[in-house]
Q: 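Have a look at the structure that comes next, please.
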Amino acid sequence: MPEIIQLHQRALPRVSIVIPAKNEARNLEIILSELPPVHQVILVDGNSTDDTVATARRVMPDIEVIQQTRTGKGNALACGFAAVTGDIFVMFDADGSADPAEIPAFVDALLAGADVAKGSRFCVGGGSEDITLFRRLGNYGLNLLTNVLLKTRYTDLCYGYNAFWTSVIPYLDLPDVSLPKLEDGRMHWGDGFEIETVLTCRVKAANLTVTEVPSVEKLRIFGVSNLNAISDGFRVLRTILHERPRVLTSRSAVSARPAHSLRNSSKSTDLSLKSA
């Protein structure tokens with residue numbers, strides 16, 4: 001009980017930001033300086049061949065840099081999640097598409113009672129400067145299919161700007177970061193770009209409480225996106241079908257929600273101060 005009282009007296013939850021990056025030196029030069037001063041910023045480097053790591057350390061000397069253990073965005077995020085020491089962690093892309101000014105809104109949603117704050121470009125107040133009409137239609141169709149098959153009410157399925165209480169990490173059941181690479185060259189399930197959809201499905205399977213947070217996706221600052229509307233769309237579809245049995249099985253069981261000792265303790269998200 002004394003520890004809980006101490007946490008409640010703290011003005012802010014400890015916020016960690018997890019940034020997976022591969023060859024994003026030019027973008028990190030800009031975005032790291034725009035982040036609010038939080039408890040912890042983790043850069044997960046995907047074996048970059050440019051100055052990603054050196055740039056990050058120059059712009060933010062106290063940044064924590066770790067190397068991912070395998071390949072793929074999913075593995076990078078899992079490595080970052082394993083290094084989190086804050087009460088809350090935020091997934092943040094390195095390409096400049098995520099707006100740092102929105103972080104307080106994600107924290108507010110968690111403090112108000114959600115287990116997960118899920119960014120949405122398609123709810124009221126959200127938007128995108130980057131998505132094409134073709135991708136928008138594809139996202140709409142996949143999102144509708146997900147809501148029908150998984151009994152969810154999401155407005156945005158594949159967006160990578162999200163925040164979680166650190167206590168939910170075991171519920172996500174991501175591949176162990178210490179597992180060796182597969183001998184046949186394939187990725188472990190969840191290691192690749194399917195990770196955003198996997199997280200959405202795992203959150204539903206664990207019966208976690210989700211609050212959507214309006215978010216405006218910005219244009220990538222430098223470089224070219226690796227997204228491919230057609231191949232990535234099929235990957236998302238495969239992920240939904242692959243994860244559906246887990247979700248349906250969980251509906252017959254009652255999952256205990258994780259306890260968050262800071263929930264409802266404060267609505268202050270003045271991130272101009274670091275929390276100890």
Q: Would you please name every residue forming a ring pair (Phe, Tyr, Trp, His ring centres under 6.0 Å) with Tyr159, sequence neighbours left out?
A: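 Ring pair (Phe, Tyr, Trp, His ring centres under 6.0 Å) list for Tyr159, sorted by chain: empty.
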Q: Using the rule that Ile, Leu, Val, Met, Phe, Trp and Tyr join whenever any side-chain heavy atoms are under 4.5 Å apart, tell me whether Leu32 and Ile30 fall into a single cluster.
A: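 Linked, Leu32 and Ile30 end up in one cluster.
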Q: Roughly how far, to the nearest 0.5 Å, is CG of Asp95 from CD1 of Ile221?
A: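 Interatomic distance, Ile221 CD1 to Asp95 CG, rounded to 0.5 Å: 8.0 Å.
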Q: Would you call Asn139 and Val236 a side-chain contact if the rule is heavy atoms closer than 4.5 Å?
A: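 No, too far: nothing below the 4.5 Å cut-off.
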Q: Could you tell me whether the side chain of Asp115 reaches within less than 4.5 Å of the side chain of Tyr171, counting heavy atoms only?
A: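 No; the side chains remain at least 4.5 Å from each other.
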Q: Do any N or O atoms from the side chain of Glu212 and from the backbone of Cys123 form a donor-acceptor pair under 3.5 angstrom?
A: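 Side chain of Glu212 to backbone of Cys123: no pair is present.
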Q: Tell me whether Arg135 is salt-bridged to Asp130, with the criterion being a basic N under 4.0 Å from an acidic carboxylate O.
A: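 Salt bridge present between Arg135 and Asp130.
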Q: If every non-hydrogen atom of Pro245 is compared with every non-hydrogen atom of Leu241, which pair is closest and at what distance?
A: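 Looking at all heavy atoms of both residues, the shortest contact is CD-O, 3.4 Å.
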Q: Looking only at heavy atoms, which two atoms of Ala56 and Ile63 are closest? And how far apart?
A: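 Of all heavy-atom pairs spanning Ala56 and Ile63, the closest is O-CG2, 3.8 Å.
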Q: In terms of ring plane angle, is the pair Trp165 and His260 parallel, tilted or perpendicular, where the classes change at 30° and 60°?
A: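 Trp165 vs His260 ring planes: parallel.
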Q: What are the two closest heavy atoms between Ala76 and Pro20, and how far apart are they?
A: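 Ala76 and Pro20 have their closest heavy atoms at CB-CB, 3.8 Å.
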Q: Any idea which heavy atoms bring Asn27 and Ala94 closest together, and the distance?
A: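 It is CB-O, 3.1 Å.
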Q: Under 3.5 Å, is there a donor on one side chain and an acceptor on the other for Glu102 and Ser215?
A: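 Indeed, the side chains of Glu102 and Ser215 share at least one donor-acceptor pair under 3.5 Å.
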Q: Taking 4.0 angstrom as the limit, do Arg220 and Glu24 come out as a salt bridge?
A: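 Yes, charged N to carboxylate O under 4.0 Å.
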Q: Count I, L, V, M, F, W, Y as connected when their side-chain heavy atoms are under 4.5 Å apart, and connections chain through other members. Are Leu179 and Leu172 then in the same cluster?
A: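 No, Leu179 does not connect to Leu172 through the hydrophobic network.
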Q: After noting the C-alpha distance and the side-chain angles of Lys118 and Thr200, does the key distance pass the side-chain contact (heavy atoms from CB on, under 4.5 Å) rule?
A: CA-CA 9 Å; Lys118 179 172 172 50; Thr200 298; 3.4 Å; yes
Q: Atom NZ of Lys22 and atom NZ of Lys73: how far apart are they, to the nearest 0.5 Å?
A: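 One finds 14.0 Å between NZ of Lys22 and NZ of Lys73.
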Q: Keeping the roles fixed (side chain from Asp87, backbone from Pro13), state whether a donor-acceptor pair exists under 3.5 Å.
A: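 Looks like no, no N/O pair under 3.5 Å.
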Q: Quick one: sort the Trp189 and His242 rings into parallel, tilted or perpendicular, breaks at 30° and 60°.
A: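 Answer is tilted, since the angle falls between 30° and 60°.
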Q: Tell me, with the steps shown, if Leu174 and Leu199 meet side-chain contact (heavy atoms from CB on, under 4.5 Å).
A: CA-CA 9 Å; Leu174 298 180; Leu199 289 174; 4.2 Å; yes
Q: Can you find a pair of side-chain heavy atoms, one from Thr146 and one from Lys204, that are under 4.5 Å apart?
A: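 A side-chain contact under 4.5 Å is absent here.
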Q: At their closest point, which heavy atom of Ile131 faces which heavy atom of Arg136, and how far apart are they?
A: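 Taking every non-hydrogen atom into account, CG2-NH2, 3.5 Å.
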Q: Salt bridge between Arg58 and Asp51, side-chain N to carboxylate O under 4.0 Å?
A: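 Here Arg58 does not pair with Asp51 in a salt bridge, since their nearest N and O are not under 4.0 Å apart.
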Q: When you measure from the side chain of Thr209 to the backbone of Ala114, do you find a donor-acceptor pair of N or O atoms at a distance under 3.5 Å?
A: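 Looks like no, no N/O pair under 3.5 Å.
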Q: Quick one: do Val210 and Ile103 end up in the same hydrophobic cluster if we chain Ile, Leu, Val, Met, Phe, Trp and Tyr together by side-chain heavy atoms under 4.5 Å apart?
A: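 Shared cluster, yes.
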Q: Can you find a heavy atom in the side chain of Arg70 that is under 4.5 Å from one in the side chain of Leu182?
A: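 No. Closest side-chain heavy atoms not under 4.5 Å.
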Q: Would a 4.5 Å heavy-atom cut-off, applied to side chains only, mark Asn143 and Phe122 as touching?
A: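 When only atoms from C-beta onward are counted, Phe122 and Asn143 do not touch, as no gap falls below 4.5 Å.
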Q: Show the nearest heavy-atom pair for residues Leu149 and Arg244, with the distance to one decimal.
A: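 So the two residues come closest at O-NE, 3.3 Å.
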Q: Group every Ile, Leu, Val, Met, Phe, Trp and Tyr by side-chain heavy-atom contacts under 4.5 Å, then state whether Val65 and Leu35 land in the same group.
A: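 Yes; Leu35 is reachable from Val65 via cluster members.
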Q: Are a donor atom and an acceptor atom from the side chains of Thr69 and Asn75 found within less than 3.5 Å of each other?
A: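 Yes, Asn75 and Thr69 have a side-chain donor paired with an acceptor closer than 3.5 Å.
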Q: If only atom types and distance count, is the side chain of Asn147 paired as donor or acceptor with the main-chain N or O of Tyr154 below 3.5 Å?
A: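 Pair found, side chain donor or acceptor close to backbone of Tyr154.
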Q: Do you reckon Val44 sits in the same ILVMFWY cluster as Val177, going by side-chain contacts under 4.5 Å, direct or chained?
A: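 Result: no, two separate clusters.
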Q: Taking Asp191 for its side chain and Gly74 for its backbone only, find out whether a donor-acceptor pair lies under 3.5 Å.
A: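 Checked: no pair found.
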Q: Please check if the side chain of Gln68 supplies one atom and the backbone of Gly72 the other of a donor-acceptor pair under 3.5 Å.
A: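 Flag set: sc Gln68 to bb Gly72 pair under 3.5 Å.
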Q: Show your working on side-chain contact (heavy atoms from CB on, under 4.5 Å) between Tyr161 and Val90 and close with a plain yes or no.
A: CA-CA 7 Å; Tyr161 199 177; Val90 180; 3.8 Å; yes
Q: Going by heavy atoms in the side chains, are Cys201 and Leu150 under 4.5 Å from each other?
A: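 In short, these two side chains touch, coming nearer than 4.5 Å.
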Q: Below 4.5 Å, heavy atoms only, C-beta onward: do Thr52 and Leu43 meet side chain to side chain?
A: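 Side chain of Thr52 against side chain of Leu43, heavy atoms only: contact under 4.5 Å found.
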Q: Return the CZ to CZ distance between Phe89 and Phe106, rounded to the nearest 0.5 Å.
A: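 Here the rounded value is 12.5 Å.
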Q: Is it true that, when you exclude Phe222 itself, more than 12 heavy atoms of the residues, nucleotides or ligands shown sit nearer than 6.0 Å to its CZ?
A: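 Yes.
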Q: Would you give the length of the straight line joining atom CD1 of Ile240 to atom SG of Cys158, rounded to the nearest 0.5 angstrom?
A: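 Reported value, rounded in 0.5 Å steps: 7.0 Å.
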Q: Dump the intermediate steps for side-chain contact (heavy atoms from CB on, under 4.5 Å) on Asp99 and Val216, then the final yes or no.
A: CA-CA 7 Å; Asp99 184 353; Val216 177; over 6 Å; no
Q: Any side-chain heavy atom of Gln40 within less than 4.5 Å of one from Arg14?
A: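 The answer is no, as the side chains (C-beta and beyond) never meet within the 4.5 Å cut-off.
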Q: Nearest 0.5 Å, what's the CG-OG1 distance between Asn47 and Thr71?
A: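 Rounded to the nearest 0.5 Å, the CG-OG1 separation comes out at 9.0 Å.
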Q: Give, for atom CD of Glu217 and atom CG of Asp156, the distance between the pair rounded to the nearest 0.5 Å.
A: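 Nearest 0.5 Å value for the CD-CG distance: 8.5 Å.
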